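Inspection log for the structure reproduced underneath, given as C-alpha cells.
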Number of protein chains: 2
Amino acid sequence: MDTTIDSLKKLLQERDLRATPIRLEFLELLRLNTPSAVTLSVIQEACHNTDRVTLYRTIQTFLDKGIIHKAHQSKEEVYYALCNSNCSTKAHFHDHLHFKCSSCSQVTCQHLNKEIKFLLPSFQINKVEIHIEGVCNRCNTTT
Amino acid sequence: MDTTIDSLKKLLQERDLRATPIRLEFLELLRLNTPSAVTLSVIQEACHNTDRVTLYRTIQTFLDKGIIHKAHQSKEEVYYALCNSNCSTKAHFHDHLHFKCSSCSQVTCQHLNKEIKFLLPSFQINKVEIHIEGVCNRCNTTT
DNA sequence: TTTTAAATGCAACTTTGTTGCATTTATTGT
DNA sequence: ACAATAAATGCAACAAAGTTGCATTTAAAA
Ligand SMILES: [Mn+2]
Ligand SMILES: [Mn+2]
Ligand SMILES: [Zn+2]
Ligand SMILES: [Zn+2]
C-alpha cells in the first residue's frame with residue numbers, strides 16, 4: 001500500500017532530499033491545491049510554526065531539484081505549483097500556461113494542447129512563459 | 001522645430017503631468033534604450049542624485065498614465081519600457097511580447113505579427129503576457 | 001544504537017518599498 | 001516679469017521582504 005505521504009517521501013528521496021515533516025507538509029499543501037498554485041504567504045500561514053528562513057530555503061531547494069516551479073511570477077507575489085514528473089534536478093520542462101482568474105483569484109496551470117509558434121526570425125527560443133488573466137471556467141459557467 | 005525634449009514635454013502635459021527635469025531625464029533614458037526595456041536599478045544609477053522615493057513615485061505615475069509599461073516582470077527585477085501612443089490614462093494596449101536575451105541580457109519588446117489563439121474552452125481571456133527567453137537576433141547573427 | 005551530514009531555528013543584517021510632512025518648483029494668471 | 005498655487009520632490013522614519021552565519025536538532029545510514 002502506497003499512501004500519498006509515502007509517494008511524497010519517495011519523491012524527496014529520489015532527489016537526495018531528506019523527508020522532513022516540514023517538507024512533507026509543504027508538498028502536501030501544494031498537492032492538495034492542485035491544479036491551483038499557491039503563494040508564499042499562503043504557505044507561511046499554513047506552516048505558521050515554521051521559521052520564515054526555512055520556508056525560503058525549502059522553496060529554493062525544491063526549485064533547484066525540479067519539484068516545484070514558479071507559476072504567474074509577479075513582483076507582488078510568486079505562485080508555486082508542483083512540477084510534473086518530467087522535471088528533474090537537471091532541468092524543468094513545462095508545456096503549459098498559467099491562468100490567473102480575476103474572479104476567484106486562483107492561479108492554475110493549463111495544458112497547451114497545440115504548440116504555439118512565434119514568428120521571430122533569427123531568434124533562438126529557449127523558454128516560453130505565458131501568463132493569462134481573465135475569468136476561469138468554473139467562475140464563468142457558474143453564473 | 002520639435003526637439004525630442006519638446007516632444008517628451010508635450011507627452012507629459014497631454015497627461016496633465018508637469019515637465020520636471022527628473023521626469024524628462026527618466027523618459028529620455030527610456031527613449032534612448034528603445035526597444036530595450038530598463039530595470040529600476042539602471043534607472044537609479046542614471047538618476048543617482050534623485051531620491052529613491054521620487055523614482056518609485058515617478059514609475060507609479062507613469063504606469064497609471066499609460067506612459068510606461070512593465071516588460072518581463074519577475075520577482076527579482078522589473079523592466080520598464082515606453083508605451084506606444086495607443087496607451088492612455090484609461091488603459092494600456094499592447095500586442096507584443098517580451099524577449100529576454102540570455103547572451104546580452106537585454107529585454108526587448110517584440111511585435112506580434114499574427115494573433116495568437118489559445119484553446120481554453122469556457123475561459124474568458126482579458127490579458128495575455130508572453131515572456132520568451134533565448135538568444136536575440138543581434139547576438140545570434142553576430143557569431 | 002551510534003554517527004554524521006543535512007536541515008532547522010534564531011539573531012542580526014541588508015535590501016526594497018511605503019508613508020507623512022516640510023520644502024521646492026512648474027505652471028497659470030495678472 | 002511677478003505672484004499665487006497646486007504639484008512634485010526630498011527627507012526621515014518606518015515596514016516588509018529576503019539573506020547570512022552559526023549553533024542546535026534530526027533524518028538516514030552504518
Ligand atoms: Mn505551472
Ligand atoms: Mn513592451
Ligand atoms: Zn475563477
Ligand atoms: Zn542578445
Side-chain angles (χ1 to χ4, degrees), chain A residues 3 5-30 37-68 70 72-80 89, chain B residues 3 5-30 37-68 70 72-80 89:
Chain A
T3 70
I5 290 296
D6 284 339
S7 70
L8 292 178
K9 278 191 183 180
K10 198 188 293 179
L11 172 66
L12 287 167
Q13 285 161 351
E14 278 169 3
R15 306 292 210 286
D16 294 314
L17 296 175
R18 293 187 176 177
T20 67
I22 291 173
R23 284 175 176 169
L24 291 171
E25 186 187 6
F26 188 114
L27 292 178
E28 182 69 6
L29 177 67
L30 261 61
V38 180
T39 60
L40 173 56
S41 58
V42 167
I43 296 169
Q44 282 179 327
E45 279 178 49
C47 309
H48 59 280
N49 35 13
T50 301
D51 196 84
R52 288 184 316 128
V53 182
T54 302
L55 292 180
Y56 283 122
R57 291 197 268 230
T58 302
I59 287 172
Q60 193 53 56
T61 302
F62 286 175
L63 287 173
D64 292 342
K65 295 287 182 172
I67 294 176
I68 64 173
K70 294 182 182 177
H72 201 83
Q73 183 177 190
S74 80
K75 191 69 185 178
E76 298 80 40
E77 275 207 295
V78 181
Y79 290 75
Y80 298 96
T89 305
Chain B
T3 69
I5 291 295
D6 285 338
S7 70
L8 292 178
K9 278 191 182 179
K10 196 188 295 177
L11 172 66
L12 287 167
Q13 285 161 351
E14 279 170 2
R15 307 287 210 288
D16 295 314
L17 296 175
R18 293 188 175 175
T20 67
I22 290 174
R23 284 175 176 169
L24 290 171
E25 186 187 6
F26 188 113
L27 292 177
E28 182 69 5
L29 178 67
L30 260 60
V38 180
T39 61
L40 172 57
S41 58
V42 167
I43 296 169
Q44 282 179 326
E45 277 178 49
C47 309
H48 59 280
N49 34 13
T50 302
D51 195 83
R52 287 184 316 127
V53 181
T54 302
L55 292 180
Y56 282 123
R57 291 198 268 231
T58 301
I59 287 173
Q60 193 54 55
T61 302
F62 286 175
L63 288 172
D64 292 344
K65 297 285 183 174
I67 295 176
I68 63 172
K70 294 180 183 177
H72 201 85
Q73 182 178 13
S74 79
K75 189 70 185 178
E76 297 80 40
E77 275 208 295
V78 182
Y79 289 75
Y80 299 96
T89 305

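Predicted, not measured: the structure shown is a model, and the values here were computed from it. All chains are named by letter (A, B, ...) in the order of the sequence lines, taking the proteins before the strands, and each is independently numbered beginning at 1.
Counting to the nearest Å, the P atom of C:dT18 and the CD1 atom of B:Ile59 are 10 Å from each other. For B:Tyr56 and C:dT19, the OH to C1' distance is 14 Å, given to the nearest whole Å.
Here OH of A:Tyr80 is found 6.0 Å from CG of A:Leu63. Values are rounded to the nearest 0.5 Å. Distance CD1/B:Ile68 to OG1/B:Thr61: 9.0 Å, rounded to 0.5 Å. Here CD1 of A:Ile67 is found 12.5 Å from CD1 of A:Ile59. Values are rounded to the nearest 0.5 Å.
When the salt bridge (charged side-chain N to carboxylate O under 4.0 Å, His left out) test is applied to B:Lys70, the partners found at least two apart in sequence or on another chain are A:Glu76.
Residues of residues 15-26 of chain A that place a heavy atom closer than 4.0 Å to DNA chain C, in numerical order, are A:Leu17, A:Arg18, A:Thr20, A:Ile22, A:Arg23. Listed by residue number, B:Arg52, B:Val53 are the residues of residues 43-53 of chain B with a heavy-atom contact under 4.0 Å to DNA chain C.
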Using a 3.5 Å cut-off and no angle test, enumerate the donor-acceptor pairs between side-chain atoms of residues 11-26 of chain A and protein atoms at least two apart in sequence or in another chain.
from: A:Arg15; atom 1: NE; to: A:Lys65; atom 2: O; distance (Å): 2.9
from: A:Arg15; atom 1: NH2; to: A:Gly66; atom 2: O; distance (Å): 3.3
from: A:Arg15; atom 1: NH2; to: A:Cys87; atom 2: O; distance (Å): 2.8
from: A:Thr20; atom 1: OG1; to: A:Arg23; atom 2: N; distance (Å): 3.3
from: A:Arg23; atom 1: NH1; to: A:Arg18; atom 2: O; distance (Å): 3.1

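Nucleotides of DNA chain D lying under 4.0 Å from heavy atoms of chain B occupy a range whose first and last members, 5' to 3', are D:dA6 to D:dG18.
Screening residues 45-58 of chain A for side-chain hydrogen bond (donor to acceptor under 3.5 Å, both in side chains), with sequence neighbours left out, gives no hits.
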When you look at A:Leu40 and A:Val78, which way does the side chain to side chain contact (heavy atoms under 4.5 Å, CB included) test go after all the steps?
-> CA-CA 7 Å; A:Leu40 173 56; A:Val78 181; over 6 Å; no
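The nearest heavy atom of DNA chain C to A:Thr54 and to B:Arg57 marks one nucleotide each, and the one closer to the 5' end goes with A:Thr54.
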